[in-house]
Novice: 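After the structure tokens below, expect a handful of questions from me.
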Amino acid sequence: MRQRLEGLLQHALTRSKEGGALKLDSLPPLIFEIPRDPRFGDLASPVALGLAKSEGQAPRAIAQVIVEHLDDADGLLAGIEIAGPGYLNFRFAPGFWKQCLVDLEREDCGVPRLAEGERVLVEYVSANPTGPLHVGHGRGAVLGDAVARLLAVVGYDVTREYYVNDAGKQIDTLAASSLARLEQAWGRDCEIPEDGYPGEYLVELMRDQRDAVTAQLAERVGATEPADAGAALALIDAHRDAAMEVCGGVASRCLLDQIVADMDALAVSMDHFVSERELRQRGVVDGALAELAERGFLYEEEGAKWFRSTQFGDEKDRVIERSDGALTYFAADIGYHREKLARGFAELIDVWGADHHGYVARVSAALQALGADAERFRVLLVQLVRLTRGGEPVRMGKRSGEFVTLREVVDEVGSDATRFFFLMRKGDSQLEFDLDLAVKQSSENPVFYVQYAHARICSILRQAEQESLAVPEADGVAIERLDSDSEQELIKSLAIYADTVAEAAREREPHKIVFYLIDLAGSFHRFYNQQRVIGEDADLSAARLYLVRSTQRVLRHGLELVGIGAPETM
RNA sequence: GCCCUCGUAGCUCAGUUGGAUAGAGCACAGGAUUCCUAAUCCUGGGGUCACAGGUUCAAUUCCUGUCGGGGGCACCA
């Protein structure tokens, strides 16, 4: 809707400038807003107010000039008013609305192409493969997935990636913990390490994998497969280092498989999994450090190697290589992000937990030091999720290792509701997730409210089909018959869909789609309650059927965009 | 202590990048169904946009400070 008017206004401004009526040293942003009060028209622009200063004229006078230079050749406008301090209030002709509905017939629902094949990498989840995903990971997973879908729909060439931290201390800890669980599985009474992973999942995992892991160990050290528990434990004791490595490898692989399954249950997928260990082995990290050194951003102090991140706005310089010679996690991250750039991505988006926000400045600094513009890297932070049940907080004691897993939530409320709730809030604000509400099948629960709107429409269309009523072609739609308040409201809701998607994509804020869908569902339910679609008047029924089918298309497109199902019956 | 972030109706949250009288859902009170799904709709009350300054024709929005919630400040990952 905006697009069409933008052209018109742009043209009027240009003509005003050419005619000398306005100076327009710089073209102002064309702001449009949908007025609260319908008396202020269908779409309003305060552009004249913004120009008042630079033009040295009264806003209303400027508005007058703009109106005089408008050239509405296609007859889109039914009226323009200059109101209040200098608003331009536009009112559209029926033909305009019809054109908006026709746009929705296209495969892409008229969503504009903001980028043509520009390559963007969205990295999300990237949880350490040391345990199942918890609820916070789930929020990041859904946000990353939704952003990827959003960017794809406006024309970006999107790659989804998961960075696997399979090197370093957390994997050593996992290895030590799983070795202890393996020994327990063979009947030995031993404790897991002090700072190990205490979760029950490792007990189960090593119980299931006991024979396989042991066999793998035997093969690796060239021993015969142990025949009983005593022999197995003897083998482990004789080769503890190898045993630990085998345990760590098997455990992290199994846990990653489980993570993939957890994401799958939430309709979240990845194109690539990138292994930190592999990056290190391929020399990617060393290469990045060499380039930083070459560019003069590294220095040595107190036996360690530092990166001069303060040159790019970080609070302090960061250690790249510790005095004991080990590379820091940050060093690996630099290598990974440099490699992303090298693969030809124009833009890098990372989805991180908000507890990592202190990390943004240093990674950004590293990328800038490597010659990338700061705008090419963007981090989306997701805040904590507070689980509640009927308003009461659900306790999550991480100390015991028994936290609420993502899978538990998805199993209880389903993928659709989980995704919807995660996307109902801006990513960087805290989220309260009420498990009781999410399963409720009533208007209190916005997921069902939206899905129900879609199911109702399907029901109407089924009914129409039974009565051999066809949805008409656009040409045959008497749009001017749809003149009641609820019909107008619904048409306007539909008309702003493409604008909403474009805006959500530009801001990387999928929650705007969710809010839109709730709003659209509301417009539809109101319409449904006030008007009968299938009735005596054939022309009117046809027009309403067309409207309903348009609504169905948008609901489907929008739900698909956030990865939520559009059921045909409830 | 320093940095980031948030503070909007009783609750959960939107607010179109600075515009007209600040919105929605829930909760609460009342009402609507011979008819396409009442899992819906309609009506009503409810606000010092945390507070104090500043910039502006115009501030919930931008700047500064204060208070409060959350997070971050390792040669950890």
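Numbers restart at 1 for each chain; the letters A, B, ... are given by sequence-line order, proteins then strands. What you see is a predicted model; the values in this text were computed from it and never measured.
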Novice: Report the distance from atom CD1 of Ile82(A) to atom CZ of Arg60(A), rounding to the nearest 0.5 Å.
Specialist: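 It is 6.5 Å, given to the nearest 0.5 Å.
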Novice: From CG of Leu431(A) over to P of U5(B), roughly how many Å is that when rounded to an integer?
Specialist: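 For the pair Leu431(A) CG and U5(B) P, the rounded distance is 20 Å.
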Novice: Between the base of A20(B) and the side chain of Asn89(A), is there a donor and acceptor pair under 3.5 angstrom?
Specialist: yes
Novice: In whole angstrom, give me the gap between the P atoms of G15(B) and U8(B).
Specialist: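 Each nucleotide's P atom is 14 Å from the other's.
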Novice: In whole angstroms, how far is the P atom of G18(B) from the CD atom of Glu33(A)?
Specialist: 12 Å
Novice: According to a strict under-4.0 Å criterion, is Arg526(A) in side-chain N/O contact with OP1 or OP2 of C42(B)?
Specialist: yes
Novice: Check whether any side-chain nitrogen or oxygen of Lys316(A) sits under 4.0 Å from OP1 or OP2 of C2(B), and answer yes or no.
Specialist: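 So the side chain of Lys316(A) is outside the cut-off, no N or O lying under 4.0 Å from OP1 or OP2 of C2(B).
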Novice: Need one value for Gly535(A): base, sugar-phosphate or nothing, where a base atom within 4.0 Å counts as base even if backbone is also close, heavy atoms only.
Specialist: nothing
Novice: Examine U12(B): is either OP1 or OP2 under 4.0 Å from a nitrogen or oxygen in the side chain of Ser429(A)? Give yes or no.
Specialist: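 For U12(B), neither OP1 nor OP2 has a side-chain N or O of Ser429(A) closer than 4.0 Å.
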Novice: Do other residues, nucleotides or ligands put more than 12 heavy atoms under 6.0 Å from the CD atom of Glu465(A)?
Specialist: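 No, not enclosed.
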Novice: If you only use heavy atoms from C-beta on, which nucleotide in A39(B), G72(B), C75(B) is closest to the side chain of His357(A)?
Specialist: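 Between A39(B), G72(B), C75(B), the one nearest the side chain of His357(A) would be G72(B).
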Novice: Taking the same atom, C1', in G46(B) and in A27(B), what whole-Å distance lies between them?
Specialist: 12 Å
Novice: I'd like to know if Arg386(A) reaches the base of U12(B) with its side chain such that a donor and an acceptor end up less than 3.5 angstrom apart.
Specialist: no
Novice: Which nucleotide in the set C75(B), C73(B), U40(B) lies at the smallest distance from any side-chain heavy atom of Asn529(A)?
Specialist: U40(B)
Novice: If you look at every strand shown and take non-hydrogen atoms under 4.0 Å, does Asn128(A) touch a base, only sugar-phosphate, or nothing?
Specialist: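 Asn128(A): backbone/sugar contact only, no base atoms under 4.0 Å.
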Novice: On RNA chain B, does the nearest nucleotide to Asp355(A) precede the nearest nucleotide to Arg362(A) from the 5' side, or the other way round? Give the residue.
Specialist: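 It is Asp355(A) whose nearest nucleotide is closer to the 5' end.
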Novice: Taking any strand in view, what nucleotide pairs with C57(B) in a Watson-Crick or G-U wobble way, both distances under 3.5 Å?
Specialist: G19(B)
Novice: Check whether the side chains of Ser493(A) and Glu489(A) place a donor and an acceptor atom closer than 3.5 Å, and report yes or no.
Specialist: no
Novice: If I take atom CD in residue Gln451(A) and atom C1' in nucleotide A39(B), what distance separates them, rounded to the nearest angstrom?
Specialist: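 Answer to the nearest Å: 11 Å.
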Novice: Taking atom P in both A24(B) and G44(B), what distance in whole Å separates the two?
Specialist: 11 Å
Novice: Considering just the side-chain nitrogens and oxygens of Tyr359(A), establish if one lies under 4.0 Å of OP1 or OP2 belonging to C76(B).
Specialist: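 Negative; the distance criterion is not met.
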Novice: Quote, to the nearest angstrom, the C1' distance that separates U64(B) from C28(B).
Specialist: 42 Å
Novice: Grab the CG-C1' distance between Asp324(A) and A74(B) for me, whole Å please.
Specialist: 13 Å
Novice: At 4.0 Å (heavy atoms only), tell me whether Lys512(A) reaches a base, stays on the sugar-phosphate, or touches nothing.
Specialist: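 Counting heavy atoms under 4.0 Å across all strands, the contact made by Lys512(A) is with sugar-phosphate only.
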Novice: To the side chain of Leu384(A), which of C36(B), U21(B), G70(B) is closest?
Specialist: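 That would be G70(B).
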Novice: For Phe307(A), does its backbone N or O pair with a side-chain atom of Arg362(A) as donor and acceptor, under 3.5 Å?
Specialist: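 Flag not set: sc Arg362(A) to bb Phe307(A) has no pair under 3.5 Å.
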Novice: So, taking the atom named CZ in Phe421(A) and the one named CG in Leu387(A), what distance separates them when rounded to the nearest 0.5 Å?
Specialist: 11.5 Å
Novice: Would you say the base of C75(B) and the side-chain of Glu302(A) have a donor-acceptor pair closer than 3.5 Å?
Specialist: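 Check passes, donor-acceptor contact within cut-off.
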Novice: Any side-chain N or O of His511(A) below 4.0 angstrom from OP1/OP2 of A24(B)?
Specialist: no
Novice: Has the side chain of Gln383(A) got a donor or acceptor atom sitting under 3.5 Å from an opposite partner on the base of U5(B)?
Specialist: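 Between U5(B) and Gln383(A), which were checked side chain against base, a qualifying N/O pair under 3.5 Å is absent.
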Novice: How far, in whole Å, is G45(B) from C2(B) if one measures between their C1' atoms?
Specialist: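 That atom pair is separated by 47 Å.
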Novice: Just checking Thr173(A): base, sugar-phosphate only, or nothing, at a heavy-atom cut-off of under 4.0 Å?
Specialist: nothing
Novice: Identify the nucleotide, in any strand shown, that forms a Watson-Crick or G-U wobble pair with A24(B), with both distances under 3.5 Å; if there is none, say none.
Specialist: U12(B)
Novice: Mind checking the C1' distance from G31(B) to U66(B)? Whole angstroms is fine.
Specialist: 48 Å
Novice: Checking all strands, does Arg506(A) fall into the base, sugar-phosphate, or nothing category for heavy-atom contacts under 4.0 angstrom?
Specialist: nothing
Novice: Does either side chain, that of His357(A) or that of Asp428(A), offer a donor lying less than 3.5 Å from an acceptor on the other one?
Specialist: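 Asp428(A) and His357(A) do not have a side-chain donor-acceptor pair below 3.5 Å.
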Novice: State whether the distance check finds a donor on one side and an acceptor on the other, under 3.5 Å, for side chain Ser323(A) versus base C75(B).
Specialist: yes
Novice: Identify whether the glycosidic angle of U56(B) places it syn (within 90° of 0) or anti.
Specialist: anti
Novice: For Asp485(A), does the CG atom sit with more than 12 other heavy atoms under 6.0 Å from it, leaving out its own atoms?
Specialist: no
Novice: When the C1' atoms of G68(B) and C49(B) are considered, how many whole Å apart are they?
Specialist: 16 Å
Novice: Quick one: Glu432(A) CD to U12(B) C1', roughly how many Å, whole number?
Specialist: 6 Å
Novice: Which of these nucleotides, C75(B), U16(B), C41(B), is closest to any side-chain atom of Arg2(A)?
Specialist: U16(B)
Novice: Please pick, from U12(B), C36(B), U40(B), the nucleotide with the shortest atom-to-atom distance to any side-chain atom of Arg456(A).
Specialist: U40(B)
Novice: Let's test this: given Watson-Crick or G-U wobble pairing with both distances under 3.5 Å, identify the partner of A52(B).
Specialist: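 Paired with U64(B).
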Novice: Across all strands, who's sitting opposite C41(B) as a Watson-Crick or G-U wobble pair, both distances under 3.5 Å?
Specialist: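 Partner of C41(B): G31(B).
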Novice: Which part of the nucleic acid, if any, lies within reach of Ala453(A) when heavy atoms closer than 4.0 Å are counted: base, sugar-phosphate only, or nothing?
Specialist: nothing
Novice: Take the protein atom CG of Leu540(A) and the nucleotide atom P of C36(B), then report the distance between them rounded to whole Å.
Specialist: 18 Å
Novice: Considering only A39(B), U12(B), C3(B), which nucleotide approaches the side chain of Arg425(A) most closely?
Specialist: U12(B)
Novice: Check this one for me: any side-chain N or O of Arg322(A) less than 4.0 Å away from OP1 or OP2 of C76(B)?
Specialist: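 Checking C76(B) against Arg322(A), a side-chain N or O does come within under 4.0 Å of OP1 or OP2.
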Novice: Assign Ala464(A) to base, sugar-phosphate, or nothing according to its heavy-atom contacts below 4.0 angstrom with the strands shown.
Specialist: nothing
Novice: Taking atom types as modelled and ignoring hydrogens, do the side chains of Ser484(A) and Gln531(A) form a donor-acceptor contact shorter than 3.5 angstrom?
Specialist: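 Distance-only check passes for Ser484(A) and Gln531(A).
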Novice: Counting only Watson-Crick pairs (N1-N3 plus N6-O4 or O6-N4) and G-U wobbles (N1-O2, O6-N3), all under 3.5 Å, who is the partner of A74(B)?
Specialist: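 Matched A74(B) with nothing under the 3.5 Å cut-off.
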Novice: Tell me whether Glu487(A) is salt-bridged to Arg544(A), with the criterion being a basic N under 4.0 Å from an acidic carboxylate O.
Specialist: yes
Novice: Closer to the 5' end of RNA chain B via nearest nucleotide, is it Tyr329(A) or Phe515(A)?
Specialist: Phe515(A)
Novice: Side chains of Tyr516(A) and Glu503(A): any donor to acceptor distance under 3.5 Å?
Specialist: no
Novice: Nearest to the side chain of Ile31(A), which nucleotide is it out of C36(B), A20(B), U17(B)?
Specialist: U17(B)
Novice: Starting at CD of Gln531(A) and ending at P of A32(B), how long is that distance when rounded to a whole Å?
Specialist: 20 Å
Novice: Base, sugar-phosphate alone, or nothing: which one does Ala52(A) contact when heavy atoms must sit under 4.0 Å apart?
Specialist: nothing
Novice: When you compare the ring of Phe40(A) with the six-membered ring of A20(B)'s base, are the centres less than 5.5 Å apart and the planes under 30° from each other?
Specialist: yes
Novice: So, is Tyr528(A) close to the A38(B) phosphate, meaning a side-chain N or O under 4.0 Å from OP1 or OP2?
Specialist: yes
Novice: Output the rounded distance in Å from CG (Asp436(A)) to C1' (C26(B)).
Specialist: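 It is 14 Å, rounded to the nearest whole Å.
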